[in-house]
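Okay, structure first, notes after.
All chains are named by letter (A, B, ...) in the order of the sequence lines, taking the proteins before the strands, and each is independently numbered beginning at 1.
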Amino acid sequence: MPDTSVILNAAAIQRALTRIAHEIAERNVNGTEVALVGIPAVGDHLAFRLGKILTEIWKHPVHVGSLDVSMHRDDLDHRAAPTVHPTVVPFDVNGKVVVLVDDVLFTGRTTRAAMDALNDFGRPKYIQLAVLVDRGHRELPIKADFVGKNLPTRANEKVFVQLTEDNHATDEVILGKK
Amino acid sequence: MSWNRKHLLDIESLTAEEILTVLDTARGFKAVGERAIKKVPALRGKTVINLFVEPSTRTRISFELAEQRLSADVINFSTEASSFKKGETLKDTAKNLEALNADFIVIRHSASGAPHFLSRVVNASIINAGDGAHEHPSQALLDAFTIRERKGKIAGLNVTILGDILYSRVARSNIWALTKLGAKVTLCGPSTLVPKTFEQMGCRVTHDVDEALREADIIHLLRIQHERQRKTMFPSIGEYTSLFGLNKARLAKTKPDALIMHPGPINRGVEIDSEIADCERSVILQQVTNGLAVRMAVLFLVNGGKNSPDIAV
């Protein structure tokens, strides 16, 4: 990839996730009602990593799921069909504090689709949003509750989050051109 | 992920990658059917017309439910209520449906090639729900989905299709799909219904039923299509059953983990013993469940295919 720069390396990603986990724990005193729901293809891996850290903080297991948003997107009439990822929500979301986890917050449209998709599973008490990178350029009134790194970008740039779970050699957040 | 087609007309023109895209997509849609709320808004505001110019129960119901679960508006148009009896041509009927702003037309027709014809005369996306003895693509896709779900793979499996191959669009679509995905397909049945010419499609033809079943991982049974046979192709149903029907004795000589499939409707006591149809190796009802997911996936992909920059027809 030409014209790219590494924004976060593996250690920085780990630090960001640890901080987000502590912020989630600080905000939600009652950890037993918190569930993490990641948005594939990267947010689900981040949700599992956050779940592990929170399990250590709270000393009890934390519910983690993954939520496909492709069927709830608002741009299905303007693009080729998106890849459909598995949805696994192995717990009742009713009354829970659901923390949606995504890798990059950009226009906010994926988050909107995720809230819509989550609604089909029940009515959470709260929905909160955790993202590794907030790159700006929102098109909807959506704001993250927990942010790993605020990254000012140009519209024609793209943020790639590469994780070892997806067979990348190392964890990295990269800023590149579209 | 690669799907840039506006229509689903047949399996013959699909690549292995496109077939796998449908199967992967269908996995997500199968999960939707297992939730409390079984509906997603993917086709909200779209109009789908089910144009069934030939009788069908399960395929029409499956498509109709798939469309409703994608939040589309659905209209059913069947032979009994249609204007075909009043002399309207297929083209005019389709043009009228298009004038109602139909986005998709799901067509079942007794004439081979009817969906291809429609795709050239109307702007709506056309989905072939079975055309004559030509193809039944959604059936082959759901069969492939079921095989992959149960066996974990398709490449390298021995699939035996047993029965009326000559008149079967299910057989043709399955042969295309399974050979593209690397399965070894064997066809078996009375020589009048399983001519050697099918070998040109890349499969093996035999008339020895025990030999055809011995190494099979998948036993795919087909119904005798009485409605398509102009004259009797074999002496009697009873003789067909005794020579080619799947009974306990024949099943005992097959691999113990061979799956039994059938696109339905089954004729109990003809091509399959009643007990065998209900045994645990039979995945006939799972095929029905999977058919819904696969048809949702097809509609979802075709809807996106309309918007592809490099659209393929």
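- Checking N9(A) against E172(A) by side-chain atom types alone, no donor-acceptor pair falls below 3.5 Å.
- None of I126(B), L141(B), L299(B) except one satisfies the side chain to side chain contact (heavy atoms under 4.5 Å, CB included) rule with L8(B); the exception is L141(B).
- Of all residues in residues 97-108 of chain B, none places a non-hydrogen atom less than 4.5 angstrom from a non-hydrogen atom of chain A.
- D77(A) touches chain B through backbone and side chain together, each having a heavy atom under 4.5 Å away.
- At a 4.5 Å heavy-atom cutoff, the contact between R35(B) and chain A is made by side-chain atoms alone.
- K177(A) and N156(A) form no side-chain donor-acceptor contact under 3.5 Å, judged by distance and modelled atom types alone.
- For D24(B) and R148(B), the salt-bridge test passes: some basic side-chain N is under 4.0 Å from an acidic carboxylate O.
- Side-chain contact annotation: H78(A) with D75(A), donor-acceptor N/O pair under 3.5 Å absent.
- Side-chain contact check for R44(B) and S71(B): no donor-acceptor pair (N or O, by modelled atom type) lies under 3.5 Å.
- For S173(B) and E135(B), the side-chain atoms include at least one donor-acceptor pair closer than 3.5 Å.
- Residue-level contacts of residues 41-70 of chain A with chain B, in order of numbering, are S70(A); threshold 4.5 Å between heavy atoms.
- Residues Q162(A) and D171(A) have side chains that never bring a donor and an acceptor to within less than 3.5 angstrom of each other.
- Checked by atom type, the side-chain pair T146(B)/N290(B) shows a donor-acceptor distance below 3.5 Å.
- Considering N128(B), V22(B), L142(B) as possible partners of V298(B), the one that fulfils the side chain to side chain contact (heavy atoms under 4.5 Å, CB included) test is V22(B).
- Of the atoms belonging to K39(B), it is backbone heavy atoms, and not side-chain ones, that fall under 4.5 Å from chain A.
- With a 4.5 Å cut-off on non-hydrogen atoms, V32(B) touches chain A through its side chain but not through its backbone.
- A donor and an acceptor atom, one from each side chain of N174(B) and Q139(B), are nowhere located under 3.5 Å apart.
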